[in-house]
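The basis for the numbers below is simple: all heavy atoms, side chains too, and nothing from hydrogens, waters or symmetry mates. As the structure lists them, so they are numbered: ligands from 1, and atoms in each ligand from 1. These numbers come from a predicted model, not from an experiment.
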Amino acid sequence: MQRFDRQGYLTLDGMTTPGELASIRQVYDGCIAWGAGLRGGGAVDLTAVDAALVDAGRVLVRNPHHFFSALRDTQYEARARALLEQVCGGGFQLRETYALYKPPRWGCATPWHQDEAYLPSEGQEELVTFWMALQEVTVESGCLHFLPGSHRGEVLPHHPIQEDPQILELDAGVADLSAAVACPLPAGGATVHAMRTLHYAGPNTSNAPRRAFILDFARTRGPVRS
Ligand code: NI
């Protein structure tokens with residue numbers, strides 16, 4: 001897949017079946033309610049997603065597959081692994097999963113960043129990320145945007161954002177983002193990107209939740225790549 005090498009990302013359809021998508025989505029909504037409860041320090045009510053999100057522009061649950069078996073060994077993961085092998089070669093392991101939820105109408109934006117900026121500077125890992133939409137995702141609901149070719153450059157300077165110091169934002173003026181490409185997706189579609197590919201997601205201004213189920217694969221950097 002030369003396009004991945006050239007652009008630093010791909011847009012993919014049909015990462016799972018309608019049946020699996022429905023079962024993932026059902027478990028996912030419970031998982032997000034649970035994560036929102038943890039974040040707020042309150043009681044966890046798996047039926048109260050919206051109530052639990054009063055103060056959260058987004059909810060991120062790390063490694064939900066540890067807690068919910070329906071998120072393990074999915075067809076989505078199998079297809080991602082097969083594609084990864086084809087595009088980047090072997091040696092990758094599933095590193096982490098994330099449920100990243102943005103509530104209707106006011107889910108916040110995810111600032112421009114490179115995922116590698118989050119890794120320790122001495123990190124020897126190569127990371128590739130799959131981001132699957134559990135419903136249609138549009139520009140309005142906060143799809144990902146990528147800057148083609150940015151994976152070929154260096155890791156650029158980032159800073160923590162005020163609202164949440166755990167979230168990094170690319171410093172102003174260090175990259176020309178005018179050629180960025182929005183990647184809307186159908187339900188069950190996904191994007192895959194390299195760890196230096198600059199990306200951003202807009203706020204969710206639609207009337208529906210924006211659910212993304214993310215798989216991070218990693219391998220030790222070295223001579224594996226052919
Ligand atoms: Ni990212």
J.: With a 4.0 Å cut-off on N to O distance, would you call Glu85 and Arg81 a salt bridge?
T.: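 Judged by the 4.0 Å cut-off on N to carboxylate O distance, Glu85 and Arg81 do not form a salt bridge.
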J.: So do Tyr200 and Thr110 actually touch side chain to side chain, heavy atoms under 4.5 Å?
T.: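 Side chain of Thr110 against side chain of Tyr200, heavy atoms only: no contact under 4.5 Å found.
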J.: I'd like to know if Asp29 and Arg211 make a salt bridge, using a cut-off of under 4.0 Å between side-chain N and carboxylate O.
T.: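 Yes, charged N to carboxylate O under 4.0 Å.
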J.: If the threshold is 4.0 Å, N to carboxylate O, is there a salt bridge linking Glu125 and Arg95?
T.: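 Counted as a salt bridge, because a side-chain N and a carboxylate O are separated by less than 4.0 Å.
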J.: At a threshold of 2.8 Å, where the distance has to be below it, does the Ni ion (ligand 1) have an N, O or S atom of His199 nearby?
T.: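 Looking at His199, which is the residue asked about, there is an N, O or S atom under 2.8 Å from the Ni ion (ligand 1).
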J.: So, of the N/O/S atoms that His113 has, which is the nearest one to the Ni ion (ligand 1)?
T.: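 Considering only N, O and S atoms, His113 comes nearest to the Ni ion (ligand 1) through NE2.
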J.: I'd like the atom name of the N/O/S atom in Asp115 lying closest to the Ni ion (ligand 1).
T.: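 Closest to the Ni ion (ligand 1) among those atoms: OD1.
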